[in-house]
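Note that the coordinates shown come from a computational prediction; the quantities given were computed from them, not determined experimentally.
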Amino acid sequence: MKTRVQQALVALFVGFVFSLGLGIAGMTKPQNVIGFLNPLFWNPSLIFVMVGAIAVHAISYPLIRKKKSPLFDVKFHVPERKDITSRLVIGAIIFGIGWGLGGFCPGPALTSIASGDLRVFVFVAAMIVGMTLFISLEKYLPFKK
């Protein structure tokens, strides 16, 4: 049976495993991301995480998509659009700038809240404010969904 409770439990478990992986890989340490982007003091650890993630995805995704539906939902929720829009490009640029400046993307930032570091709380608060602003202003932006 596919219920909301089962979906929430699976999401919680998957989020926990994802957080654990981010912590073990050192992606909750902004200096690893910033070090990857700094050509003078290059830290290659991020590339190993990326290659590992791509390898796992390349093997598991085709096997998972052979199923009619996920275990706890009636359908897969994957993006259907394949076109590259200005909205996508601008969003990716803003995401990349934020990632490079702060050393966090949303997953590691949320995971790092457990550290109690004030800088993490500031980053997450700024991220939430940015998301809220975008949602509020989206209807006024020139590009379409």
Novice: Quick one: does Phe36's side chain get under 4.5 Å of Ile47's, heavy atoms only?
Specialist: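 Counting from C-beta outward, Phe36 and Ile47 do come under 4.5 Å.
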Novice: To the nearest 0.5 Å, what is the distance between NE2 on His57 and CD1 on Ile54?
Specialist: 9.0 Å
Novice: Are Ile59 and Val56 connected into the same hydrophobic cluster when the rule is that any two of I, L, V, M, F, W, Y join if their side-chain heavy atoms are below 4.5 Å apart?
Specialist: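 No.
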Novice: Linking I/L/V/M/F/W/Y whenever their side-chain heavy atoms sit closer than 4.5 Å, directly or via other members, would Leu101 and Phe134 fall into one cluster?
Specialist: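 Leu101 does not cluster with Phe134.
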Novice: Can you measure from CZ (Phe41) to CD1 (Ile34) and round to the nearest 0.5 angstrom?
Specialist: 13.5 Å
Novice: I'd like to know whether CD1 of Ile84 has more than 12 heavy-atom contacts from other residues, nucleotides or ligands below 6.0 angstrom.
Specialist: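 Open: at most 12 neighbouring heavy atoms sit under 6.0 Å from CD1 of Ile84.
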Novice: Measuring from Ser45:OG to Met50:CE, what's the distance to the nearest 0.5 Å?
Specialist: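 Separation between the atoms: 10.0 Å.
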Novice: Could you grab the distance from atom CG of Asn43 to atom CG of Asn32, nearest 0.5 Å is fine?
Specialist: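 With rounding to 0.5 Å, CG (Asn43) is 5.0 Å from CG (Asn32).
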Novice: Provide the full list of side-chain hydrogen bond (donor to acceptor under 3.5 Å, both in side chains) pairs with a residue in residues 101-118, sequence neighbours left out, each pair given once.
Specialist: Ser19-Thr111, Asp117-Arg119
Novice: Counting C-beta onward and ignoring hydrogens, is there a side-chain heavy-atom pair between Leu110 and Val124 closer than 4.5 Å?
Specialist: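 Leu110 reaches Val124 side chain to side chain.
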Novice: Could you state whether Phe18 and Ile113 fall into the same hydrophobic cluster, counting links through intermediate Ile, Leu, Val, Met, Phe, Trp or Tyr residues with side-chain heavy atoms under 4.5 angstrom apart?
Specialist: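 Per the 4.5 Å side-chain linkage, Phe18 and Ile113 are not co-clustered.
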Novice: What's the shortest heavy-atom distance between Arg65 and Phe76, and which atoms?
Specialist: NE-CD1, 3.8 Å
Novice: Quiz question: by atom type and distance under 3.5 Å, do the side chains of Thr85 and Asp83 form a donor-acceptor pair?
Specialist: no
Novice: Quick one, Phe16 and Leu12 - any side-chain contact, counting heavy atoms below 4.5 Å?
Specialist: no
Novice: Tell me the closest heavy-atom pair linking Gly102 and Pro30, and the distance in Å.
Specialist: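 For Gly102 versus Pro30, the nearest heavy atoms are O-CB, 3.6 Å.
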Novice: Atom OG1 of Thr3 and atom CZ of Phe72: how far apart are they, to the nearest 0.5 Å?
Specialist: 8.0 Å
Novice: Which distance, rounded to the nearest 0.5 Å, do you find between the CD1 of Ile93 and the CG of Leu88?
Specialist: 9.5 Å
Novice: Check Ser69 against Lys75 and note the closest heavy-atom contact, atom names and distance.
Specialist: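 Here Ser69 and Lys75 meet closest at CB-N, 4.1 Å.
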Novice: Could you report the tightest heavy-atom contact between Phe104 and Val120, atom names first, then the distance?
Specialist: CZ-CG2, 3.8 Å
Novice: Is Ile97 linked to Val89 within one hydrophobic cluster, defined over Ile, Leu, Val, Met, Phe, Trp and Tyr using a side-chain heavy-atom separation of less than 4.5 Å?
Specialist: yes
Novice: Classify the ring geometry between Trp99 and Phe95 as parallel (under 30°), tilted (30 to 60°) or perpendicular (over 60°).
Specialist: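 Correct class here is tilted.
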Novice: Would a single hydrophobic cluster contain both Leu46 and Val51, if residues Ile, Leu, Val, Met, Phe, Trp and Tyr are joined by side-chain heavy-atom contacts under 4.5 Å?
Specialist: yes
Novice: Would you indicate whether the side-chain heavy atoms of Val78 and Tyr61 approach each other to under 4.5 Å?
Specialist: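 A side-chain contact under 4.5 Å exists here.
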